[in-house]
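Structure first, commentary second.
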Amino acid sequence: MPAPAVLFSEEQIQSRVADLGRAIAHDYAGRSPVLVTMLKGAVVFLADLFRAIDLPVRVDFMSISSYGSDSEASGGVVRILKDLDQDIGREDVIVVEDIIDTGLTISYLLATLRARQPASLEVCALLDKTVRRILPVEIKYRGFECPDRFVVGYGLDHGERYRNLPLIVAVDDQTALTDDPDLLAPLLAARDAEKVEKTGGRTPS
Ligand code: IMP
Ligand code: MG
C-alpha cells in the first residue's frame, strides 16, 4: 500500500482554480450565474473559485445525504437536508462540487435541479475520478483528473477531518487514517519545512 502522498499542491490547486474562474467569467460574460454549492466538501473550492470569477455571481447552498452508507449503496438516491434558498427557475446555474466519483449523487441532483427549469445547468468539479464512474456526467469545468485513490484536503474529508488542509493528499489506507489521526503529520511538516527553505523563514510578502 503506497504511503500517503501529496497529489495536488497548494500552488497547483490555486493556479487551476484561477483558470476555471477565468473560463467561467468568459463563458458567462454579461450574465449573473448562480453557483449552487454542495455542502460541505465544496465550500473551500467555492471560496477560491468565486473570487476568481469577475462577474456578479451569486451563491446558494444545498446539503444532501445518501440513504445507506454511501452513494453506491443507496443507488444514488439522496435526501435533501437543506434546499436552496432561492428559486433557480430561468437562472444560469453552475453546480460546484468537490469530487465526482461514481457520478450517482450528481446525476440525482442534476435531475432534481433540471426539474426546476433553470435557463442553463452546468457542472464545475475540482476533481474527476473518471475510472470509478457508474453514470456518465458532463463536467463542463473540471479541475483535475483524480486517480482511483481516496483523497483528503481542500474541502474533502475523512470522518469530517482534514477539510482545512490547503492541499490534496492521497491516502490509500483509510483504516490507518482512522487508527492514527496524525498519519499525515510528517507530510505536512515536510511541506512546511519546504516553505521555510523557499522563503528563508520569512513570511512571503
Ligand atoms: P459519487 O456519488 O460517488 O459521485 O459521490 C461523490 C461524493 O463522494 C463526493 O461529493 C464526496 O463527498 C465523496 N467522495 C468520493 N470520493 C472521495 C474521496 O476520495 N475523498 C473524500 N470524499 C470522497
Ligand atoms: Mg461531497
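Whatever order the structure lists ligands and atoms in, that order sets their numbers, starting from 1. Numbers here simply count residues along the sequence, with the first being 1.
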Suppose I only count heavy atoms of [X] and a 4.0 Å limit; which atoms of ligand 1 are within that range?
X    : answer
E97  : 10 (O)
R149 : 19 (O)
D157 : 21 (C)
L156 : 21 (C), 22 (N)

Looking at side-chain heavy atoms only, is the closest gap between L113 and V95 below 4.5 Å?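 Answer yes - side chains close enough.
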Just how far is it from atom OG of S32 to atom CG of D92, taken to the nearest 0.5 Å?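 One gets 8.5 Å once the value is rounded to the nearest 0.5 Å.
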May I ask you to decide whether K40 forms a salt bridge with E160, counting only side-chain N to carboxylate O separations under 4.0 Å?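 Salt bridge present between K40 and E160.
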Checking contacts here: is it the side chain or the backbone of [X] that comes within 4.0 Å of ligand 1, counting heavy atoms only? Could be both or neither.
X    : result
V151 : both
M38  : neither
K129 : side chain

Return the option from [options] holding the heavy atom at the smallest distance from [atom].
atom                    : options                : answer
atom 3 (O) of ligand 1  : V171, T102, V78        : T102
atom 5 (O) of ligand 1  : I106, D128, T105, I100 : T105
atom 12 (O) of ligand 1 : D98, L39, L7           : D98

Donor on one side chain, acceptor on other, Y154 and N164, under 3.5 Å: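 Side-chain D/A pair, Y154 to N164: absent.
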Pairs where residues 12-63 contributes a residue and the test ring-ring contact (aromatic ring centres under 6.0 Å, His included) is met, not counting sequence neighbours: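 As it turns out, there is no ring-ring contact (aromatic ring centres under 6.0 Å, His included) pair with a partner in residues 12-63 once direct neighbours are skipped.
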Hydrophobic clusters join Ile, Leu, Val, Met, Phe, Trp and Tyr when side-chain heavy atoms are under 4.5 Å apart, directly or via other members; which others share one with L184?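 Members besides L184, by chain and number: V6, F150, V152, Y162, L165, L167, V169, V171, L177, L183, L187, L188.
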Hey, does G41 sit under 4.0 Å from ligand 1 if you only count heavy atoms?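 Distance cut 4.0 Å: G41 fails for ligand 1.
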Which heavy-atom pair separates L20 from R142 by the least distance, and what is that distance?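 Closest approach of L20 to R142: CD2-O, 3.7 Å.
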Minimum-distance pair of heavy atoms, taken over all atoms of C146 and I99: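 The answer is SG-CD1, 4.3 Å.
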Do any N/O atoms on V152 end up under 3.5 angstrom from N/O atoms on ligand 1?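 For ligand 1, there is no N or O atom that lies under 3.5 Å from one belonging to V152.
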